[in-house]
Amino acid sequence: MESATPVTKLGLGGHSFIRELGNDPPAAFEEQCALVAACLDTGIRWIDTTYYQERVALGRVLGQLSRARGEARLTAWNFFREPGRENSLPGFTAYDQDSLPKQLAELRTDFLDLLVIHTRDDSAALHREIELASAWQAAGLVREVGLGMARLEDLDCLPTGHPITQVLAPYNAFHPHAAALFREAKARGMATVAMSPFVRGWNLDKIGGDRRVSAAILLRWVTSQEIVDTVFVSMRRAEWVLANRESEKRGPLSNEETALVREWTARLEG
Ligand SMILES: NC(=O)c1ccc[n+]([C@@H]2O[C@H](COP(=O)([O-])OP(=O)(O)OC[C@H]3O[C@@H](n4cnc5c(N)ncnc54)[C@H](OP(=O)(O)O)[C@@H]3O)[C@@H](O)[C@H]2O)c1
């Protein structure tokens with residue numbers, strides 16, 4: 001039986017598999033396989049995929065690794081391949097009947113652990129996507145449904161009986177605004193996913209010095225918070241998996257480390 005307390009809050013971010021968004025060059029296929037294997041070996045089960053390129057890459061890795069399907073928890077968002085724009089990152093588009101089969105084929109799986117719907121201002125359109133997700137869930141093709149880039153005000157716009165059990169939003173020392181969303185979501189019984197602990201890694205560069213030291217502190221800023229259930233972090237190297245697990249185990253920041261984070265955020269904002 002699965003323990004109620006997860007081994008780790010860490011989940012692998014899908015941007016690990018693509019060159020865009022600061023990950024140039026992308027990790028070699030062998031490194032991607034080592035990375036995913038290291039995650040599964042250390043109890044990191046959630047693996048996020050936002051763009052279709054990430055789903056294709058992860059599907060290839062999972063095919064190579066031949067791990068039991070139940071070891072990983074696969075997440076997919078509504079960002080799809082657009083003909084003629086295969087090498088760019090398209091914006092999100094509404095789910096339709098054809099969307100889930102595409103995601104499953106790209107990931108080489110027959111179900112998703114978490115289907116993420118990107119939030120939108122058009123609540124009638126969002127409700128149609130939620131209805132579709134409910135039907136997929138009832139058919140056993142989707143285990144959970146999440147609201148991505150969620151905002152606090154979205155929680156009051158969800159339809160009665162909605163299937164949303166997770167909210168996902170960027171949340172880190174530099175962008176802490178999702179705290180109110182996470183608090184309210186948890187009060188309503190939902191789980192929370194904090195994304196981008198290092199703002200795509202760019203803020204590690206801006207802070208300067210040893211990236212491993214700043215990464216360890218910024219990661220713990222997120223993982224030690226009770227309002228956060230899962231943290232999606234991108235990693236192109238298998239060695240970051242153990243490093244990040246070790247950081248997480250060290251728990252809350254000391255007063256000195258908290259002061260350091262304040263100094264970094266003030267400096268980068270200024
Ligand atoms: N922010 C958003 O709007 C958004 C939207 C949808 C989904 N997401 C999800 O959130 C995930 C994570 O966010 P992100 O990709 O923006 O970036 P991030 O996780 O904040 O930062 C990733 C960078 O951190 C570096 N890193 C990781 N562990 C490290 C360590 N121990 N020491 C030093 N450097 C380390 C990686 O370096 P290397 O390159 O050397 O590995 C990588 O470049 C995404 O992959 C995606 O799944 C985010």
Side-chain angles (χ1 to χ4, degrees), residues 10-40 44-67 69 71-95 98-119 133 141-150 166 168-170 193-202 230-238 240-241 244:
L10 299 180
L12 177 62
H15 301 348
S16 307
F17 301 107
I18 56 172
R19 72 158 47 80
E20 294 84 357
L21 304 173
N23 296 314
D24 194 11
F29 179 63
E30 293 70 26
E31 188 65 25
Q32 292 181 7
C33 291
L35 171 66
V36 173
C39 285
L40 299 179
I44 297 176
R45 301 179 62 192
W46 283 112
I47 308 181
D48 184 44
T49 58
T50 310
Y51 298 99
Y52 91 91
Q53 294 95 326
E54 300 170 1
R55 294 193 292 271
V56 170
L58 178 60
R60 205 171 148 229
V61 168
L62 292 173
Q64 174 74 17
L65 292 181
S66 302
R67 304 284 292 237
R69 173 63 182 85
E71 283 189 78
R73 291 187 179 154
L74 303 184
T75 302
W77 293 56
N78 45 331
F79 289 78
F80 294 95
R81 180 172 180 263
E82 289 179 5
R85 296 192 61 212
E86 280 78 7
N87 296 322
S88 61
L89 298 180
F92 73 94
T93 45
Y95 280 108
D98 298 330
S99 304
L100 182 63
K102 284 182 200 157
Q103 291 171 317
L104 296 179
E106 285 159 354
L107 282 165
R108 306 188 193 187
T109 184
D110 51 9
F111 72 94
L112 288 181
D113 295 275
L114 179 64
L115 177 101
V116 180
I117 305 173
H118 193 296
T119 193
L141 300 170
V142 163
R143 295 271 155 91
E144 285 188 70
V145 182
L147 189 65
M149 305 306 277
Q166 308 226 18
L168 301 87
V193 182
M195 305 187 296
S196 301
F198 316 127
V199 191
R200 312 207 184 290
W202 295 331
T230 305
V231 178
F232 284 160
V233 54
S234 277
M235 300 179 262
R236 272 183 304 174
R237 307 191 210 167
W240 292 151
V241 176
N244 290 339

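Please read these numbers as outputs of a predicted model, since none were measured by experiment.
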For the OG1 atom of Thr49 and the NE2 atom of His15, what is their distance to the nearest 0.5 Å? 10.5 Å
Heavy-atom pair of closest approach, residues Ala72 and Ile47: CB-CD1, 4.3 Å
Just verifying a value: how many Å separate Arg108 CZ and Leu62 CG, rounded to the nearest 0.5 Å? 8.5 Å
Is Ser16 reaching over with its side chain to a backbone N or O of Ser234, donor-acceptor style, under 3.5 angstrom? no
dist Tyr52:OH -> Ile18:CD1 (nearest 0.5 Å) comes out at 10.5 Å
Counterpart residues, ring pair (Phe, Tyr, Trp, His ring centres under 6.0 Å), relative to Phe92 (two or more places apart): His118
Those residues at least two apart in sequence (or on a different chain) that pass salt bridge (charged side-chain N to carboxylate O under 4.0 Å, His left out) with Glu106 are Arg55
For Leu114 versus Gly146, what's the shortest heavy-atom pair and its separation? CD1-N, 3.5 Å
Can you sort out the partners of Gln166 under side-chain hydrogen bond (donor to acceptor under 3.5 Å, both in side chains), two or more places apart, ordered by chain and number? Glu144
Atom pair CH2 (Trp77) and OG1 (Thr93), whose distance is rounded to the nearest 0.5 Å: 13.5 Å
Decide yes or no on side-chain contact (heavy atoms from CB on, under 4.5 Å) for Arg236 and Leu35, but give the supporting numbers first. CA-CA 7 Å; Arg236 272 183 304 174; Leu35 171 66; 5.8 Å; no
Which atom pair, heavy atoms only, marks the closest approach of Ala133 to Ile117? CB-CD1, 4.0 Å
Look up atom CG in Leu10 and atom CH2 in Trp46, then write down how far apart they are to the nearest 0.5 Å. 14.0 Å
Salt bridge (charged side-chain N to carboxylate O under 4.0 Å, His left out) filter on Arg81, not counting sequence neighbours, yields Glu86
Please enumerate all residues that pass side-chain hydrogen bond (donor to acceptor under 3.5 Å, both in side chains) together with Tyr95, with sequence neighbours excluded. Gln103
Which of Leu112, Val116, Leu107 passes side-chain contact (heavy atoms from CB on, under 4.5 Å) with Thr75? Answer is Val116
Could you name each residue pair satisfying side chain to side chain donor-acceptor pair (under 3.5 Å) that touches residues 58-67, not counting sequence neighbours? Asp41-Arg67, Arg67-Glu71
Run the side-chain contact (heavy atoms from CB on, under 4.5 Å) check on Leu58 and Leu74 step by step: do they pass? CA-CA 9 Å; Leu58 178 60; Leu74 303 184; 3.9 Å; yes
Which atoms form the tightest heavy-atom contact between Gln32 and Ala57, and what is the distance? OE1-CB, 4.1 Å
With Glu82 via salt bridge (charged side-chain N to carboxylate O under 4.0 Å, His left out) - residues at least two apart: Arg85
Might you point out which heavy atoms bring Pro90 and Phe80 nearest each other, and give the distance in Å? CG-O, 3.1 Å
Partners passing side-chain hydrogen bond (donor to acceptor under 3.5 Å, both in side chains) against Asn244 (at least two apart in sequence or in another chain): none
Using side-chain hydrogen bond (donor to acceptor under 3.5 Å, both in side chains) as the criterion, list what pairs up with Arg69, not counting sequence neighbours. Thr109, Asp113
Who pairs with Ala34 by side-chain contact (heavy atoms from CB on, under 4.5 Å), at least two apart in sequence or on another chain? Ala238
Do Phe17 and Val56 touch side chain to side chain, with heavy atoms closer than 4.5 Å? no
Identify, with sequence neighbours excluded, every residue that meets side-chain contact (heavy atoms from CB on, under 4.5 Å) alongside Ala94. Arg120, Glu129
Heavy atoms of Leu65 and Ala37 approach each other most closely as CD1-N, 3.9 Å
Can you name the ring pair (Phe, Tyr, Trp, His ring centres under 6.0 Å) partners of Phe232, sequence neighbours left out? none
